[in-house]
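Only one structure is covered here, and it is reproduced in the block below.
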Amino acid sequence: MQKRYARARDIKTATIGFGGAYSIGSVHLREMQRAGMRPVAVAEIDPARRRVAEAEFPGIRTYATAGAMLEQSDADLVAVITPHHLHAELALQCLRAGRHVVCEKPFALTTAECNSMIREARRRGLLLSTYHNRHWDGSIRRAVRMIRERNVIGDVYRVEAHMGAFKEPVPTWRSSKSRSGGILYDWGVHLLEYSLQLLDGDIEEVTGYARRGYWASRLKWKRDTNEDEAFAVVRFSSGQWLTLTVSSLDANPKMTDRGFLEITGTQGAYIMHHDRYTLIRPRGKKTAARTGKNLKNRWSGFYRNIADHLVNAAPLVITPEWAR
């Protein structure tokens, strides 16, 4: 049975990885604070980044390795914010040390890794989740309200998710396939998570295609460079389907006119942008379109749910099974 805490303040938190000033590590620790939890530790291999963490969070303890932090710190909840290929290894290390774990997205690189993490968390009665803070984006919250609650486009049968441009990848670990997982694994997980909020049933079939080699010669990763473009098709037991495209080689990107998601139903289409939406519905032999504003982002909802789950046994919104 999972341990409960009397109040959020009793939950001591940490990160493995930090980054520079106002980095992703800083974002996690500050969101934990806003949820009432108490940051106490950071594990970071870079001494300069450890000094930044100490300056931003007075009194916090920093460590050069995750092992040292787990041995010497009493943190209850650890956020793993390292490159993607290290998520599973570090999450398992934390779980075996009896700590609750949040992994940055994507959860891990393979379903086998995800399964091993889920088994370990269940065996030890520990929380395991993934930082899908964009589950609380105003754009998808508006879409869910319009499509699921108000049924403005009838029965949804297709979602097309797309992102990209003609742009050389940034030469960091994020453009290395073995470290990042590939071109679908970064922004692709956001688009997929959005889509799963609008679709029903289990995934029955996945297929896909990729084009590689254009940017590889220009980056230090060479043959290990991410694909130039990848395209996936996902079929659900509900009869619905999803296409997901992420590209760094698209001279005519779809996002300008067709947003990040284009959801099609029996009575219309809904185009989702960051700040607005477009609703298109048939009117006789023509169509009528109208636009509206999205809701405000509420990223704090993620860690507020984590704290509420650990204190009050509230249902976990981002379960490890959802993230897998």
Any Lys/Arg nitrogen of [X] or [Y] sitting under 4.0 Å from an Asp/Glu carboxylate oxygen of the other?
| X | Y | value |
| --- | --- | --- |
| Asp224 | Lys177 | no |
| Glu31 | Arg34 | yes |
| Arg158 | Glu160 | yes |
| Glu54 | Arg51 | no |
| Glu113 | Arg324 | no |
| Glu44 | Arg50 | no |

Derivation and outcome, side-chain contact (heavy atoms from CB on, under 4.5 Å), residues Leu126 and Lys3: CA-CA 8 Å; Leu126 294 166; Lys3 176 183 176 182; over 6 Å; no
Stepwise ring-ring contact (aromatic ring centres under 6.0 Å, His included) test for Trp173 and His84: CA-CA 9 Å; Trp173 64 265; His84 306 159; 4.9 Å; yes
Please say whether more than 12 non-hydrogen atoms of neighbouring residues, nucleotides or ligands are located less than 6.0 Å from [atom1] in [X].
| X | atom1 | answer |
| --- | --- | --- |
| Leu295 | CG | yes |
| Lys222 | NZ | yes |
| Phe166 | CZ | yes |

Any donor and acceptor pair, going by atom type alone, linking the side chain of [X] with main-chain N or O of [Y] inside 3.5 Å?
| X | Y | answer |
| --- | --- | --- |
| Arg283 | Ala289 | no |
| Thr130 | His132 | no |
| Arg304 | Gly36 | no |
| Ser175 | Thr172 | yes |
| Asn312 | Ala314 | no |
| His162 | Thr245 | no |
| Arg122 | Glu120 | no |
| His87 | Pro106 | yes |

Compare all side-chain heavy atoms of [X] with those of [Y] and state whether any distance is below 4.5 angstrom.
| X | Y | answer |
| --- | --- | --- |
| Asp76 | Tyr5 | yes |
| Ile60 | Leu29 | yes |
| Val102 | Val80 | no |
| Ile263 | Ile147 | yes |
| Lys105 | Tyr185 | no |
| Met163 | Leu191 | yes |
| Val159 | Glu262 | no |
| Val156 | Leu199 | yes |

Step-by-step ring-ring contact (aromatic ring centres under 6.0 Å, His included) determination, Tyr157 to Trp241: CA-CA 6 Å; Tyr157 62 87; Trp241 67 90; 5.8 Å; yes
Side chains of [Y] and [X]: any donor to acceptor distance under 3.5 Å?
| X | Y | value |
| --- | --- | --- |
| Glu89 | Gln93 | no |
| Tyr303 | Asn133 | no |
| Asp137 | Trp299 | yes |

Worked check of side-chain contact (heavy atoms from CB on, under 4.5 Å) between Val78 and His100: CA-CA 6 Å; Val78 180; His100 304 292; over 6 Å; no
Grab the two heavy atoms, one from [X] and one from [Y], that are nearest each other, plus how far apart they are.
| X | Y | result |
| --- | --- | --- |
| Ala8 | Ala35 | CB-O, 3.6 Å |
| Ile16 | Cys94 | CD1-SG, 3.5 Å |
| Arg7 | Val311 | C-CG2, 3.6 Å |
| Ile81 | Gly17 | CD1-O, 3.1 Å |

Verify the cluster assignment for [X] and [Y]: are they in a single hydrophobic cluster under the rule of side-chain heavy atoms below 4.5 Å apart?
| X | Y | result |
| --- | --- | --- |
| Phe231 | Leu184 | no |
| Val52 | Ile24 | yes |
| Leu128 | Leu310 | no |
| Met37 | Leu127 | yes |
| Met32 | Leu316 | yes |

Quiz item: cation-pi between Arg30 and Phe57, 6.0 Å / 45°: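 Checked: cation-pi criterion met.
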Sub-6.0 Å ring centroid separation between Tyr131 and His28: yes
Measuring from atom [atom1] of [X] to atom [atom2] of [Y], what distance do you get when rounded to the nearest 0.5 angstrom?
| X | Y | atom1 | atom2 | answer |
| --- | --- | --- | --- | --- |
| Ser139 | Asn297 | OG | CG | 6.5 Å |
| Met255 | Phe260 | CE | CZ | 5.5 Å |
| Arg134 | Trp136 | CZ | CH2 | 13.0 Å |
| Glu229 | Asp250 | CD | CG | 6.0 Å |
| Ser195 | Leu244 | OG | CG | 7.0 Å |
| Arg119 | Leu95 | CZ | CG | 12.0 Å |

Val206: partners by side-chain contact (heavy atoms from CB on, under 4.5 Å), with sequence neighbours left out: Ile203, Val234
Partner set under side-chain contact (heavy atoms from CB on, under 4.5 Å) for Asp228, not counting sequence neighbours: Arg211, Tyr214, Trp215, Ser248, Leu249
From CA spacing to verdict: side chain to side chain donor-acceptor pair (under 3.5 Å), Asn226, Ser176: CA-CA 5 Å; Asn226 280 353; Ser176 159; over 6 Å; no
Identify all side-chain donor-acceptor contacts of residues 265-280 below 3.5 Å with residues at least two apart in sequence or on another chain.
unit_1: Thr266; atom_1: OG1; unit_2: Asp155; atom_2: N; d: 3.0
unit_1: Tyr277; atom_1: OH; unit_2: Arg290; atom_2: NH1; d: 3.3

Test log, rule side-chain contact (heavy atoms from CB on, under 4.5 Å), inputs Asp186 and Ser180: CA-CA 7 Å; Asp186 214 358; Ser180 72; over 6 Å; no
Test side-chain contact (heavy atoms from CB on, under 4.5 Å) applied to Arg298 and Arg141, step by step: CA-CA 10 Å; Arg298 290 183 180 171; Arg141 287 170 47 237; 3.3 Å; yes
